[in-house]
Protein chains: 2
Amino acid sequence: MLRMSKMTDYGIVLMTELARAEGDTRTTRELAARTRVPLPSASKVLKGLLQAGLVVSQRGANGGYGLARPATSLSLAELVSALEGPVSLTECGVHATSAMPCELESVCQVRGHWRLINQAIQEALGRLTLADLLAPAPRMPERLVGLGVPSRPQHPAAPPNASSTSVTGVRS
Amino acid sequence: MLRMSKMTDYGIVLMTELARAEGDTRTTRELAARTRVPLPSASKVLKGLLQAGLVVSQRGANGGYGLARPATSLSLAELVSALEGPVSLTECGVHATSAMPCELESVCQVRGHWRLINQAIQEALGRLTLADLLAPAPRMPERLVGLGVPSRPQHPAAPPNASSTSVTGVRS
DNA sequence: TGCAATGTGGACTGAATCGGTCCAGATTAC
DNA sequence: GTAATCTGGACCGATTCAGTCCACATTGCA
Ligand code: SF4
Ligand code: SF4
């Protein structure tokens with residue numbers, strides 16, 4: 001479960017709720033109530049979203065938050081990278097944030113591959129917009145088809161039950 | 001940086017090294033030395049890999065680890081889910097592991113969408129095999145093309161610099 | 001003017017996880 | 001029988017996560 005932090009998840013839920021009232025501003029309490037996100041947490045997340053420039057705020061009485069840009073031009077990639085940091089499964093390629101660059105980086109043979117995988121995921125996420133998440137129907141728009149469809153059934157030697165849902169419960 | 005745990009990363013590196021000597025078994029020390037992974041950690045990871053059934057072990061003198069199946073039939077999805085648990089960015093959809101099912105799940109409007117996204121990533125990872133990671137060249141095989149290529153340039157209103165690398169450094 | 005509503009910034013904490021280490025066995029080759 | 005090697009588990013420090021709280025600034029309205 002290479003999880004996304006729960007705060008990020010909250011952020012996305014709140015943003016979709018915010019997007020349902022385009023133009024209008026919503027107060028933190030309203031958003032929290034409609035989404036069931038605990039109020040203090042909602043507040044915290046919205047602050048973060050504000051600093052990232054994804055929402056605009058109106059202080060004082062009758063205040064509230066509103067989308068900074070139309071929902072159709074807010075990509076999912078922007079959201080998660082603003083809330084969670086650069087989207088990358090591995091540590092390599094993000095040493096921009098310094099901290100601890102992976103020690104093996106100099107001899108690692110797989111690094112190049114991960115770079116491409118990360119990039120692919122990032123682009124896929126960038127192709128989805130907030131507006132796409134508004135539809136209540138669980139049908140995913142065609143913007144993601146590239147991901148799900150195996151371009152060609154290449155591996156004839158593919159394991160019979162390798163879809164990883166069969167391997168659950170093995171660890172933690 | 002929705003990170004994959006470092007242990008998982010190690011596991012993959014070790015597996016590729018193990019795959020370079022197909023048939024032969026490699027001792028933990030050898031693997032650790034070649035990959036620069038700290039020995040105790042390598043040991044730990046390999047144990048996990050063993051319980052997941054991805055490697056086979058030979059005890060005693062001249063012992064070591066070997067791949068349980070040919071590298072061409074070991075998908076990346078299997079690896080990460082064995083080491084890290086089910087691959088899912090969100091908490092919903094994995095309550096199989098019980099623990100804490102997301103509270104909002106009953107009213108969440110985005111859940112359906114995430115389910116598809118997770119599934120897409122999972123399938124993309126499942127399309128890559130260990131053998132694909134062996135090539136030292138950073139060229140990614142065509143097995144991943146579906147991810148990187150935008151099927152059609154749909155959003156004319158796409159933000160000019162929304163590729164998320166431009167939003168780095170905003171938060172931790 | 002004063003009050004109530006609302007966002008802002010930051011500090012704080014308890015709990016969980018992660019990365020890493022270590023050791024007491026069991027098993028096998030020679 | 002001895003050395004090499006895997007096996008299972010315990011263990012610990014550091015970090016991060018989720019969540020809460022408060023003192024303050026800003027605004028609308030009576
Ligand atoms: S350099 Fe290799 S080991 Fe280090 S984070 Fe990248 S892929 Fe993982
Ligand atoms: S149900 Fe909604 S809020 Fe809960 S984990 Fe799934 S997407 Fe996130």
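Residue numbers start from 1 in every chain, and the chains themselves are labelled A, B, ... in the order their sequence lines are given, proteins ahead of strands. Just so it is clear, the model here is predicted, and its values are computed rather than measured. The figures here come from the full heavy-atom set of this structure, side chains too, leaving out hydrogens, waters and symmetry mates.
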K.L.:
Does a nitrogen or oxygen in the side chain of B:Tyr10 sit under 4.0 Å from OP1 or OP2 of C:dG19?
P.N.:
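Answer no for this pair, as no side-chain N or O of B:Tyr10 is under 4.0 Å from OP1 or OP2.
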
K.L.:
Only counting residues at least two apart or in another chain, list the ones meeting side chain to side chain contact (heavy atoms under 4.5 Å, CB included) with B:Glu17.
P.N.:
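Only B:Arg20, B:Arg26, B:Leu31, B:Arg34, B:Thr35 meet the side chain to side chain contact (heavy atoms under 4.5 Å, CB included) criterion with B:Glu17.
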
K.L.:
Quick one: A:Glu84 CD to D:dT16 C1', roughly how many Å, whole number?
P.N.:
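After rounding, the reported distance stands at 11 Å.
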
K.L.:
Quick one: is C:dT8 close enough that its OP1 or OP2 comes under 4.0 Å of any side-chain N or O from A:Ser57?
P.N.:
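Yes, because at least one side-chain N or O of A:Ser57 sits under 4.0 Å from OP1 or OP2 of C:dT8.
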
K.L.:
Just to confirm, is there a sub-4.0 Å distance from OP1 or OP2 of C:dT8 to any side-chain nitrogen or oxygen of A:Tyr65?
P.N.:
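Indeed, a polar side-chain atom of A:Tyr65 lies that close.
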
K.L.:
What's the CG-C1' distance between B:Leu50 and D:dG9, to the nearest Å?
P.N.:
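Going from CG in B:Leu50 over to C1' in D:dG9 covers 15 Å.
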
K.L.:
Does B:Gly63 or A:Gly60 map to a spot on DNA chain D nearer the 5' end, using the closest nucleotide for each?
P.N.:
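In this pair, the answer is B:Gly63.
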
K.L.:
Quick one: is D:dA4 close enough that its OP1 or OP2 comes under 4.0 Å of any side-chain N or O from B:Thr27?
P.N.:
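No, outside the criterion.
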
K.L.:
Whether the side chain of A:Lys44 and the base of D:dG19 hold a donor-acceptor pair under 3.5 Å is what I'd like checked.
P.N.:
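It does, because a donor-acceptor pair links the side chain of A:Lys44 to the base of D:dG19 below 3.5 Å.
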
K.L.:
Phosphate oxygens OP1/OP2 of C:dT17: is one of them under 4.0 Å from a side-chain N or O of B:Ser5?
P.N.:
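Result: no.
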
K.L.:
Both atom distances under 3.5 Å, Watson-Crick or G-U wobble: I'd like the secondary structure of DNA chain D as a dot-bracket string, with | for pairs made across strands.
P.N.:
||||||||||||||||||||||||||||||

K.L.:
Taking atom types as modelled, is there a side-chain donor on B:Asn118 or B:Ser88 under 3.5 Å from an acceptor on the other?
P.N.:
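Judged by distance alone, the side chains do pair up.
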
K.L.:
Test for a donor-acceptor pair under 3.5 Å between the base of C:dG19 and the side chain of B:Lys6, counting only N and O atoms.
P.N.:
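Check fails, no donor-acceptor contact within cut-off.
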
K.L.:
If only side-chain N and O atoms of A:Ser43 are considered, is one of them under 4.0 Å from the OP1 or OP2 phosphate oxygen of C:dT8?
P.N.:
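So the side-chain polar atoms of A:Ser43 never come under 4.0 Å of the phosphate oxygens OP1 or OP2 of C:dT8.
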
K.L.:
With no hydrogens and no angle check, do the side chains of A:Glu84 and A:Thr8 hold a donor and an acceptor under 3.5 Å apart?
P.N.:
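Yes, side-chain donor-acceptor contact under 3.5 Å.
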
K.L.:
OP1 or OP2 of C:dG7 versus the side-chain N and O atoms of A:Thr28: is any pair under 4.0 Å?
P.N.:
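Checking A:Thr28 against C:dG7: at least one side-chain N or O falls below 4.0 Å of OP1 or OP2.
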
K.L.:
Respond yes when some side-chain nitrogen or oxygen of A:Asn62 is under 4.0 Å from OP1 or OP2 of D:dC29, and no when none is.
P.N.:
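Yes, such a contact exists.
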
